[in-house]
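By convention in this document, chain letters (A, B, ...) are assigned in the order of the sequence lines, proteins followed by strands, and residues within each chain are numbered from 1. These values consider heavy atoms only, across backbone and side chains, with no hydrogens, waters or symmetry-generated copies.
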Amino acid sequence: MSADYLDGNALAGPLAEIFATDVSAAVGRCASCGLTGPVASLRVYSRAPGLVARCPGCEEVVLRLVRSPDAAWLDLRGAVCLRIPLGGP
Amino acid sequence: MTTFTRGFRGRRRGGDDRLPPGQYLTEDFPVLSAGPTPDVPPDRWEFAIHTETGQAHRWTWQELMALPYETPTVDIHCVTTWSKLDTTWQGVSLDVLFEDVETAAEYALVHSYGGYTTNLPLEDLLDGKAWIAYRYEGEELAPVHGGPARLLVPHLYFWKSAKWVRGIRLLTEDWPGFWETAGYHNYGDPWREQRYADD
């Protein structure tokens, strides 16, 4: 049986519309269980009205993204913080 | 001589006038899910209605099965734009479950095994408009479609028909659910195309 989720790299394209940097490389901490890891390691449920990214440790929701024709809704309350790598000097 | 008259056969409505705006017809039953499918064996299943005064009304699976059921045939409309006509279900009307529930609340927050929630006005659950459904097309409701039991509220977009339904909390103030807090419309009437919060 195929997995019913994708890995977090599936977020790269949709989030590229919102952020100026590749957020899939950012490292975050799950607000529920504290697991720390890259956005790319999240489990993304995409066969849904929006994208739902869950923690690979506890399956709680870390990030949600809904896209309408003219807006995006981004919910990051399941992530304590994201460390977003930026180009150094 | 036998005369055949063309009987009035009640024209079966075609797809078009049963399709809300922006929807297309599908024959299959797409599986949509915001998370993993919870494993809820019927012997551990429970459904509860919690009132705004803290009263709880609970049913086990056996108790649900002992209640009178209905077999509605309904059209369903998913906000992702597919619609499916003439789906047949078996389930218990919410009117039966609310028979002994005393409440002055106007809002309901439905919650599911797995953590999903969705909100709707209580009146949209009553008067023959909603069921706890446990059979689909004559078969046990498959877990990917919400089995052992899901809410069925076909007059609203299908995200309101919570899969793996576990209970209903009655509230005096509206409290938005999973998709309603993430950009989707608070009510979700397909005929008014209420998809997103700003529609």
Check whether any side-chain heavy atom of B/W179 lies under 4.5 Å from a side-chain heavy atom of A/V66, and answer yes or no.
yes
Please say yes or no: joined through hydrophobic side-chain contacts below 4.5 Å, possibly via intermediate residues, are A/V61 and A/Y45 part of one cluster?
yes
For the atom pair OH (B/Y196) and CH2 (A/W73), what is the distance rounded to the nearest 0.5 Å?
7.5 Å
Between A/R47 and B/T80, does any side-chain donor sit less than 3.5 Å from a side-chain acceptor?
no
Heavy-atom distance under 4.5 Å to chain B: side chain of A/V44, backbone, both or neither?
neither
For B/Y184, is it the side chain, the backbone, both, or neither that has a heavy atom closer than 4.5 Å to a heavy atom of chain A?
side chain
With a 4.5 Å limit on heavy-atom distance, are the side chains of A/D4 and B/S33 in contact?
no
Against chain B, label A/R43 side chain, backbone, both or neither, depending on which of its atoms sit under 4.5 Å from a heavy atom there.
neither
If you count heavy atoms of other groups shown closer than 6.0 angstrom to CH2 of B/W175, is the number above 12?
no
Which atoms form the tightest heavy-atom contact between A/E59 and B/P36, and what is the distance?
OE1-CG, 3.4 Å
Give the member of B/G115, B/C78, B/G35 that has the highest number of heavy-atom pairs under 4.5 Å with chain A.
B/G35
More than 12 non-hydrogen atoms from neighbouring residues, nucleotides or ligands closer than 6.0 Å to CD on B/E63, yes or no?
yes
Measure from the side-chain N and O atoms of B/R195 to the backbone N and O of A/S68, and report whether any donor-acceptor pair falls under 3.5 Å.
no
Which one of B/A182, B/G114, B/P30 has the most heavy-atom pairs closer than 4.5 Å to chain A?
B/A182
Within a 6.0 Å radius of atom OH on B/Y69, are there more than 12 heavy atoms belonging to other residues, nucleotides or ligands?
no
Looking at B/E137, I want to see if its CD is surrounded by more than 12 non-hydrogen atoms of other residues, nucleotides or ligands under 6.0 Å.
yes
Do you reckon B/I132 sits in the same ILVMFWY cluster as B/W89, going by side-chain contacts under 4.5 Å, direct or chained?
no
Do A/R77 and B/T181 have side-chain heavy atoms sitting under 4.5 Å apart?
yes
Residue B/E106 excluded, over 12 heavy atoms near CD under 6.0 Å
no
According to a hydrophobic-cluster definition based on side-chain heavy atoms being under 4.5 Å apart (Ile, Leu, Val, Met, Phe, Trp, Tyr only), do B/L120 and B/L171 belong together?
no
